[in-house]
There are 2 protein chains.
Amino acid sequence: MKSKKGLSMKDIAKLSGVSVATVSRVLNNNGRFSEETRKKVMEVVEKFNYQTNLVARSLRTNRSQIIGVIVPDITNEFFAAIVLAIESYCFLKGYSVFICNTNEDEEKETAYFKDLIAKGIDGLIYISGKSDKISKETLLKDIPIIFIDRRPNISSNDIVYIASDNYKGGVLATEALIKRGCRNIMILKDIRNLSTVTQRYLGYRDTLMKYNINLGEEYIVNVKKVDFEEARKAVKESIKKGLTFDSIFACTDWLALGAIAALKEEKIAIPDRVKVIGFDNISISKYSHPAISTISQNPEKLGKTAAKVLLDLIEGKTNKTTNYILPVELVLRETT
Amino acid sequence: MKSKKGLSMKDIAKLSGVSVATVSRVLNNNGRFSEETRKKVMEVVEKFNYQTNLVARSLRTNRSQIIGVIVPDITNEFFAAIVLAIESYCFLKGYSVFICNTNEDEEKETAYFKDLIAKGIDGLIYISGKSDKISKETLLKDIPIIFIDRRPNISSNDIVYIASDNYKGGVLATEALIKRGCRNIMILKDIRNLSTVTQRYLGYRDTLMKYNINLGEEYIVNVKKVDFEEARKAVKESIKKGLTFDSIFACTDWLALGAIAALKEEKIAIPDRVKVIGFDNISISKYSHPAISTISQNPEKLGKTAAKVLLDLIEGKTNKTTNYILPVELVLRETT
DNA sequence: ATTATTTATGAAAAAATTTAACAGAATTGT
DNA sequence: ACAATTCTGTTAAATTTTTTCATAAATAAT
């Protein structure tokens with residue numbers, strides 16, 4: 001490896017016969033300079049294809065034009081779509097993004113957080129994850145932070161939180177099943193108390209109440225992990241136990257896929273004997289057999305909103321710390 | 001926003017009663033210092049949770065501990081898995097990664113490339129994309145670059161290129177069909193001359209030759225985009241034209257999905273009348289109906305290898321510029 | 001013409017760290 | 001006691017950019 005670097009402002013200054021300060025003024029269009037010197041400087045800049053050293057600028061201005069995105073799993077289509085939206089918006093505005101995959105590992109989250117701060121990020125987007133432990137230190141650090149998807153349970157009201165209307169999603173899903181004659185609706189959900197799942201559950205519960213449907217605890221089926229296999233096993237077990245149900249509200253499409261596998265194995269007709277509805281509208285849900293009815297979120301909007309709000313905070317265009325709840329949509333396919 | 005920054009080495013020096021030089025020596029384990037001073041310094045460092053300002057270090061040392069990853073579409077499961085593997089490995093080694101989504105837009109690639117250089121990345125991983133235009137400037141910049149998946153067609157032999165054995169994949173897929181009695185094998189592929197697809201095609205072509213199968217040009221069906229809809233339409237058209245085929249080798253699973261949709265619409269039984277095999281083993285292929293036989297790549301291995309080789313180059317542990325071709329595997333499911 | 005004002009530019013400091021050279025002090029070895 | 005080794009501080013340079021202050025030059029006002 002040779003030098004890795006090109007010319008510095010000093011070189012440009014020398015080559016165009018002005019001072020470094022003047023070059024800076026011209027380049028940043030900041031302060032006074034004559035048209036003549038502007039031309040002189042720009043000629044040299046273009047001739048040698050000068051590129052600002054952003055590391056030096058960052059040191060001086062304490063602004064890096066970099067943000068961090070902490071995400072549990074970029075392999076998850078939903079998160080990937082959010083990240084893509086963030087990245088696209090940031091690119092337009094001249095920001096780069098660090099991608100930080102945590103796999104929900106708290107230690108990794110903490111380590112990443114420290115490292116990102118040390119590397120001088122201007123802001124952070126926290127997609128889900130644990131986010132309990134870190135957020136206290138986090139909020140002290142004086143860089144803006146946006147939380148997407150799962151709400152961190154910290155007692156501060158000036159956090160920015162962006163998510164889909166999970167509660168409404170729960171309502172829509174449950175109502176869709178009820179309208180098709182279902183009364184014994186199993187809910188299949190993650191056992192962890194994530195705000196997203198909790199909201200979906202509350203939507204389900206309140207809708208049952210609204211329609212005067214009373215179901216025992218056994219209709220709430222918890223799985224330890226959002227995972228095909230887990231769901232398959234859990235549903236099979238419920239069947240073995242003799243639970244009578246005519247439908248399943250799976251809190252994510254992956255759980256729905258597992259549930260469908262179990263039903264198929266038990267030769268239970270979908271949707272004739274049991275209807276299924278998922279959540280997220282991942283691409284598989286359209287191509288699986290039967291195609292899964294689901295609640296679709298808008299990850300692009302989530303990501304773009306987060307990025308926009310974050311950059312506005314960074315650039316001081318706003319200092320509001322409101323929350324954003326984005327609409328969801330019912331998508332009907334073959335499983336209902 | 002307040003200060004964003006914590007203590008500097010100067011503060012640590014003052015607080016622990018030593019000089020800045022000594023703090024640096026201790027922190028970097030570089031030069032001489034007594035155990036006693038080490039303790040003194042580290043106590044203060046820990047007490048105040050001092051973090052090295054990596055921007056300043058980067059400016060001075062010209063090393064950022066950052067790499068860039070340029071990828072066409074992070075929403076694509078295959079690329080996401082590669083990126084995840086890269087990120088994981090880099091995290092372990094203390095490197096952060098910029099995620100750059102190009103959507104195959106050449107301008108964006110160029111812009112990103114400049115920006116990454118200006119931000120001082122230590123190395124770059126180029127996943128696919130056009131990479132023709134950029135690579136010439138690129139190679140001059142004296143940071144190591146690794147190419148994954150698609151081979152850039154530049155005439156330089158000291159580039160590092162990592163990919164799956166696409167040729168072998170083409171052979172395996174074609175042989176699998178031939179062994180099941182197929183003789184009229186359609187190949188469904190991207191019209192662009194990407195090295196990956198070309199290799200798969202050559203595997204197909206050579207295998208046909210090996211088995212003395214001669215097929216006309218009409219068995220090569222090109223689509224403009226790797227896309228469900230495009231594939232569906234293309235296959236439908238071939239059917240309308242009266243092409244007799246007993247199998248399809250789709251160069252990606254998404255194309256296979258589209259092909260299957262077309263066959264279903266035309267009520268052609270899979271695999272009885274027509275067999276289908278895809279490429280990539282994306283997660284949908286397992287859950288679609290019928291489940292798709294395919295060639296699986298190992299994106300984790302691709303990513304990890306790329307990251308490892310890149311960091312070794314950056315850290316001067318090697319300067320070999322070899323290519324790596326990783327094995328693929330035949331996965332048989334319902335469509336064959 | 002002389003002062004006042006504006007405009008353009010340079011010089012120098014500051015940002016946080018690393019590195020190196022040098023020098024003095026303290027410790028150890030002989 | 002003298003030499004050698006080890007530790008630490010001081011100082012300075014280097015990285016590049018931005019910013020403040022001061023000054024020189026040009027223009028306007030009286």
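Worth saying up front: this structure is predicted, and the values here are computed from it rather than measured. Proteins get letters first, then strands, A, B, ... in listed order; numbering begins at 1 in each. Values below: all heavy atoms of this structure, side chains included; hydrogens, waters and symmetry mates excluded.
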**Request:** May I ask you to check if B:K308 and B:Y89 form a cation-pi contact, with NZ or CZ under 6.0 angstrom from the six-membered ring centre and within 45° of the axis?
**Result:** no
**Asked** Of the nucleotides D:dT20, D:dT15, C:dT18, which has the atom closest to the B:T52 side chain?
**Response** C:dT18
**Asked** Under 4.0 angstrom, heavy atoms only, what part of the nucleic acid is B:V18 near: base, sugar-phosphate, or nothing?
**Response** sugar-phosphate
**Asked** Between D:dT15 and B:R60, is there an OP1 or OP2 to side-chain N/O distance shorter than 4.0 Å?
**Response** no
**Request:** Would you mind reading off the distance between A:R63 atom CZ and C:dA15 atom P, rounded to a whole angstrom?
**Result:** 18 Å
**Request:** Classify the angle between the aromatic ring planes of A:F91 and B:Y112 as parallel (below 30°), tilted (30 to 60°) or perpendicular (above 60°).
**Result:** tilted
**Request:** Can you figure out which of D:dT16, C:dG10, C:dT17 approaches the side chain of B:L59 most closely?
**Result:** D:dT16
**Item:** Closest-nucleotide ordering on DNA chain D, the 5'-leading residue of A:S24 and B:V23
**Value:** B:V23
**Prompt:** Where the side chain of B:S34 is concerned, which of D:dC7, C:dT9, D:dT17 is the nearest nucleotide?
**Reply:** D:dC7
**Asked** Separation of A:R32 atom CZ from D:dT20 atom P, in whole Å?
**Response** 14 Å
**Fill in**
Comparing A:A21 with B:N28, nearest DNA chain C nucleotide closer to 5' gives the residue A:A21
**Prompt:** Between C:dT9 atom C1' and A:E36 atom CD, what is the distance in whole Å?
**Reply:** 12 Å
**Message:** D:dT16, OP1 or OP2 - any side-chain N/O from A:Y50 closer than 4.0 Å?
**Reply:** no
**Message:** Any N or O donor-acceptor pair under 3.5 Å from the base of C:dA16 to the side chain of B:R57?
**Reply:** no
**Request:** Return the value, rounded to whole Å, for the distance between atom NZ of A:K14 and atom P of D:dT17.
**Result:** 14 Å
**Passing option when A:I67 is tested against A:L311, A:L116, A:L124, A:I145 for side-chain contact (heavy atoms from CB on, under 4.5 Å)** = A:L311
**Request:** Can you see which heavy atom on A:K119 is nearest to which on B:G94, and at what distance?
**Result:** NZ-O, 3.6 Å
**Message:** Would you say the ring centers of A:Y324 and A:Y161 fall short of 6.0 Å from each other?
**Reply:** no
**Asked** Under 4.0 Å between a side-chain N/O of A:S8 and OP1 or OP2 of D:dT15, yes or no?
**Response** no
**Request:** Figure out the NZ/C1' separation between B:K40 and D:dC7, and round it to whole Å.
**Result:** 11 Å
**Asked** If you check every side-chain atom of B:F33, which of C:dT17, D:dT8, D:dT19 has the closest atom?
**Response** D:dT8
**Prompt:** B:T61 has a side chain; which of C:dT18, D:dT17, D:dG9 sits nearest to it?
**Reply:** C:dT18
**Message:** For a quick test of reading the model: is some side-chain N or O of B:S19 closer than 4.0 Å to OP1 or OP2 of D:dT10?
**Reply:** no
**Asked** Which nucleotide sits closest to the side chain of A:N53: C:dA16, C:dT18, D:dT17?
**Response** D:dT17
**Item:** A:E87 with A:K93: basic N within carboxylate O range, under 4.0 Å
**Value:** no
**Item:** Length of the line joining A:K10:NZ and C:dA11:P, which is rounded to integer Å
**Value:** 13 Å
**Request:** Kindly say if A:N30 contacts the phosphate of D:dT19, meaning a side-chain N or O under 4.0 Å from OP1 or OP2.
**Result:** yes
**Request:** Scan A:S58 against the nucleic acid and name what it touches under 4.0 Å (heavy atoms): base, sugar-phosphate only, or nothing.
**Result:** nothing
**Request:** Find the distance B:R25:CZ to D:dT6:C1' and express it as a whole number of Å.
**Result:** 11 Å
**Item:** Atom pair distance, as rounded to whole Å: CD in A:E35 and P in C:dT9
**Value:** 11 Å
